[in-house]
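What follows is a short report on a single structure.
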Amino acid sequence: RVQLVESGGGSVQAGGSLRLSCKLSGFIAGSPYCVAWFRAPPEMQRVGVVSIDNRDGVTAYREEVKGRFTASQDNAKNTLYLEMNPLQPADTAMYYCAASFNSLCGGSLAGSLYSYWGQGTQVTVSS
């Protein structure tokens, strides 16, 4: 069965860094069109952070993380990464990875286009 398993969350001070990982498995019909990271701040809706279109490599970042967050993949390990540096208190959230087979996912941060989700990993940034 399809599984997405995140790891790497934790508590850091502002200005610090973390690297999140998401191990993908079970996609027997082929690789997802897109993979992405989303986050849900405390008592707020989940929003897209970054998406990667596996068909053409186009990567789309949320405005407030541009220049600080970097998404990458290791296809040999079926793992998606999110490097976050420097972190700010506003980055505190539960972070989720997701995968999509929706043909419209490229360049989009819309959660409705993603069908497969991990369980999330908590990131807490203190000031």
Side-chain angles (χ1 to χ4, degrees):
R1 64 186 177 94
V2 171
Q3 280 192 303
L4 290 81
V5 180
E6 303 97 333
S7 62
S11 297
V12 297
Q13 290 191 320
S17 62
L18 284 172
R19 186 175 85 155
L20 306 183
S21 300
C22 174
K23 176 73 173 179
L24 293 85
S25 62
F27 289 101
I28 60 175
S31 297
Y33 293 163
C34 299
V35 289
W37 288 97
F38 290 78
R39 68 185 183 187
E43 301 182 4
M44 297 177 67
Q45 287 188 325
R46 186 170 57 193
V47 297
V49 176
V50 57
S51 69
I52 302 175
D53 191 328
N54 287 325
R55 296 165 294 181
D56 58 14
V58 171
T59 303
Y61 287 92
R62 188 171 190 80
E63 189 64 35
E64 54 259 46
V65 306
K66 287 180 180 178
R68 298 190 299 119
F69 289 13
T70 303
S72 62
Q73 293 188 86
D74 184 332
N75 291 326
K77 297 181 179 179
N78 292 322
T79 302
L80 175 67
Y81 300 101
L82 182 64
E83 298 270 3
M84 305 183 292
N85 183 26
L87 283 159
Q88 304 169 352
D91 296 318
T92 294
M94 183 72 80
Y95 283 73
Y96 301 87
C97 63
S100 172
F101 285 94
N102 189 307
S103 61
L104 301 177
C105 63
S108 173
L109 295 177
S112 59
L113 298 178
Y114 288 78
S115 300
Y116 301 97
W117 295 84
Q119 82 289 348
T121 186
Q122 178 67 37
V123 172
T124 302
V125 186
S126 58
S127 57

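No experiment lies behind these values; they were computed from the predicted model shown. Residue indices begin at 1 and follow the sequence shown.
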Non-hydrogen atoms of [X] and [Y] that approach each other most closely:
| X | Y | answer |
| --- | --- | --- |
| T121 | G9 | OG1-N, 3.1 Å |
| T79 | S21 | CG2-CB, 4.2 Å |
| Y96 | E6 | CA-OE2, 3.2 Å |
| S127 | A14 | CA-CB, 4.3 Å |
| P32 | L24 | CG-CD2, 4.4 Å |
| R62 | L109 | N-CD1, 3.7 Å |

Neighbour count above 12 (heavy atom, 6.0 Å) for Q13 CD =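 Atom CD in Q13 is not packed in, count stays at 12 or less.
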Heavy-atom count around K66 NZ within 6.0 Å, excluding the residue itself: above 12?
-> yes
Mutual orientation of the aromatic rings belonging to Y116 and F27 [parallel < 30°, tilted 30-60°, perpendicular > 60°] | perpendicular
Would you please test L87 and F69 for side-chain contact (heavy atoms from CB on, under 4.5 Å) and show each step?
-> CA-CA 9 Å; L87 283 159; F69 289 13; 4.0 Å; yes
Full working for side-chain contact (heavy atoms from CB on, under 4.5 Å) between D91 and M84 = CA-CA 9 Å; D91 296 318; M84 305 183 292; 6.0 Å; no
Any chain of hydrophobic side-chain contacts (each under 4.5 Å) joining [X] to [Y]?
| X | Y | answer |
| --- | --- | --- |
| W37 | V2 | yes |
| Y95 | L113 | no |
| Y61 | I52 | yes |

Are any of the side-chain heavy atoms of Q122 and T92 separated by less than 4.5 Å?
->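 Sidechains of T92 and Q122: in contact.
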Within-4.5 Å side-chain heavy-atom neighbours: Q73 and N54 | yes
Start with the C-alpha gap between L4 and V35, add the side-chain angles, then the distance that decides, and say whether side-chain contact (heavy atoms from CB on, under 4.5 Å) holds.
-> CA-CA 11 Å; L4 290 81; V35 289; over 6 Å; no
For the [atom1] atom of [X] and the [atom2] atom of [Y], what is their distance to the nearest 0.5 Å?
| X | Y | atom1 | atom2 | answer |
| --- | --- | --- | --- | --- |
| N75 | S31 | CG | OG | 7.0 Å |
| K77 | K23 | NZ | NZ | 8.5 Å |
| R19 | N85 | CZ | CG | 13.0 Å |
| S17 | R68 | OG | CZ | 12.0 Å |

Is S72 reaching over with its side chain to a backbone N or O of Y81, donor-acceptor style, under 3.5 angstrom?
->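 Pair absent, no side-chain N/O of S72 close to backbone of Y81.
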Considering residues at least two apart in sequence or located in another chain, which fulfil the ring pair (Phe, Tyr, Trp, His ring centres under 6.0 Å) criterion with F38?
->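 Only Y114, W117 meet the ring pair (Phe, Tyr, Trp, His ring centres under 6.0 Å) criterion with F38.
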side-chain contact (heavy atoms from CB on, under 4.5 Å) between L82 and V50, worked out | CA-CA 9 Å; L82 182 64; V50 57; 3.9 Å; yes
